[in-house]
Amino acid sequence: MSLNRRSLLVAGSSVGLATLVYGCSDSSAEAEVTANVVTETEPAAEGEVELYDGSQVEPINGDPINNPPLPDRPMGGVDATVTIVEYVSPTCPHCANFHMTALPQLKEEYIDTGRIRFIARPFRRNVLDLAVFMVAEAAGNQYNEVLSAYMETQNVWAASENPRQAIFEVAEQFGFTQERFEEILTDEELLAALEATREQALELGLQGTPTFFINGEKFEGNATYETLSAEIEERL
């Protein structure tokens with residue numbers, strides 16, 4: 001799929017929402033991945049749990065697996081010993097289901113309490129994914145909130161006859177003007193970073209979305225609160 005500037009600006013409504021048994025497909029084989037974990041946020045006071053604030057984090061070493069071209073924006077505990085990386089596609093119905101069912105429970109029990117670190121890493125499958133990620137990244141520390149809003153309303157904007165306008169209407173809720181929205185969609189540097197992140201994921205063996213890695217190990221099976229909670233508890 002060509003993803004030059006023009007193809008993004010004229011993105012149509014033909015979003016593939018066909019579902020597969022284990023998720024929304026893409027190519028390639030299996031691999032392991034871990035996450036960036038270093039942050040520059042201020043340390044928490046004694047007795048408090050230090051949480052990420054939505055900022056981008058710095059890579060922990062020179063290993064390419066730990067250095068996605070677009071820095072991660074984790075949620076959860078800065079000092080957490082369990083890291084879950086989700087490769088997510090905003091137009092993937094399996095991803096939307098996870099974000100609307102399992103993730104809120106995981107957030108309440110493990111993320112907001114600082115017990116784990118959770119990273120929603122972008123993996124675009126089409127130009128609509130790309131537009132959503134560009135808005136989310138441009139939102140800075142609100143990245144996870146913006147992504148969540150798009151996941152919750154996937155059936156609206158992805159099925160719209162004018163998805164570009166529908167994507168803008170969600171962005172507008174976070175203070176984006178039409179001018180800023182247009183500017184974001186022509187940010188070639190951000191586009192290149194998102195594309196490079198996708199290429200890296202393919203090199204790591206990503207086969208579809210959502211795909212999860214827990215402390216570097218690929219999670220196999222159906223990702224529900226119960227299954228992921230069991231994996232987390234084993235590692236805490």
Side-chain angles (χ1 to χ4, degrees), residues 15-37 52 60 63-66 68 70 72-77 80-126 128-129 132-133 136 143-144 147-148 150-155 158 197-236:
V15 183
L17 293 181
T19 59
L20 300 178
V21 175
Y22 294 112
C24 300
S25 65
D26 210 289
S27 60
S28 245
E30 181 176 333
E32 292 186 354
V33 63
T34 56
N36 298 339
V37 295
Y52 289 102
I60 58 174
D63 190 329
I65 289 179
N66 292 319
L70 191 63
D72 290 320
R73 294 182 182 275
M75 297 187 293
T81 58
V82 177
T83 299
I84 297 181
V85 175
E86 175 202 16
Y87 277 95
V88 58
S89 156
T91 56
C92 166
H94 292 281
C95 297
N97 181 64
F98 171 78
H99 277 251
M100 294 176 65
T101 57
L103 185 56
Q105 290 180 278
L106 290 171
K107 194 169 185 299
E108 180 178 356
E109 183 67 28
Y110 296 105
I111 297 173
D112 290 346
T113 57
R115 301 178 71 192
I116 71 167
R117 178 185 300 109
F118 185 91
I119 297 170
R121 189 174 288 176
F123 183 83
R124 73 90 186 148
R125 297 184 305 122
N126 49 58
L128 298 188
D129 281 346
V132 168
F133 284 133
Y143 168 86
N144 288 294
L147 181 60
S148 177
Y150 280 109
M151 302 308 286
E152 291 174 1
T153 58
Q154 183 194 83
N155 287 341
T197 300
R198 169 186 162 82
E199 292 304 315
Q200 185 190 58
L202 292 174
E203 292 172 2
L204 295 173
L206 200 79
Q207 295 178 310
T209 55
T211 294
F212 298 87
F213 295 86
I214 305 176
N215 283 359
E217 297 180 2
K218 187 175 181 181
F219 173 75
E220 303 287 356
N222 188 25
T224 65
Y225 171 78
E226 289 76 17
T227 58
L228 289 177
S229 176
E231 296 287 335
I232 291 168
E233 292 292 341
E234 287 183 2
R235 292 168 171 80
L236 289 176

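Positions are given from 1 along the sequence.
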Side chains of [X] and [Y] in contact at under 4.5 Å (non-hydrogen atoms):
X    : Y    : answer
F123 : L202 : yes
P93  : Q154 : yes
Y110 : L228 : no
L106 : F98  : yes

Taking all non-hydrogen atoms of both residues, which atom of [X] and which atom of [Y] are closest, and how far apart?
X    : Y    : result
A80  : G114 : CB-O, 3.8 Å
M75  : K107 : SD-CE, 4.2 Å
V88  : T209 : C-CG2, 4.3 Å
R124 : F133 : N-CE1, 3.9 Å
F212 : A223 : CE1-CB, 3.3 Å

Is it the case that [X] and [Y] place a side-chain donor and acceptor less than 3.5 Å from each other?
X    : Y    : answer
E86  : H99  : yes
Q207 : Y87  : no
R121 : T197 : no

Report the distance from atom [atom1] of [X] to atom [atom2] of [Y], rounding to the nearest 0.5 Å.
X    : Y    : atom1 : atom2 : result
R115 : R235 : CZ    : CZ    : 14.0 Å
Q105 : Y225 : CD    : OH    : 6.0 Å
S89  : M151 : OG    : CE    : 7.0 Å
D129 : Y150 : CG    : OH    : 12.0 Å
N222 : H94  : CG    : NE2   : 9.0 Å

Residue E109 excluded, over 12 heavy atoms near CD under 6.0 Å: yes

Is there a donor-acceptor pair under 3.5 Å between the side chain of [X] and the backbone N or O of [Y]?
X    : Y    : value
Y52  : R117 : no
N215 : T81  : yes
S148 : N144 : no
N126 : L128 : yes

Worked check of side chain to side chain contact (heavy atoms under 4.5 Å, CB included) between V82 and L236: CA-CA 7 Å; V82 177; L236 289 176; 3.8 Å; yes

Reference residue I214; test side chain to side chain contact (heavy atoms under 4.5 Å, CB included); the match among I84, I232, I116: I84

Side chain to side chain contact (heavy atoms under 4.5 Å, CB included) between T91 and V132, intermediate numbers included: CA-CA 9 Å; T91 56; V132 168; over 6 Å; no

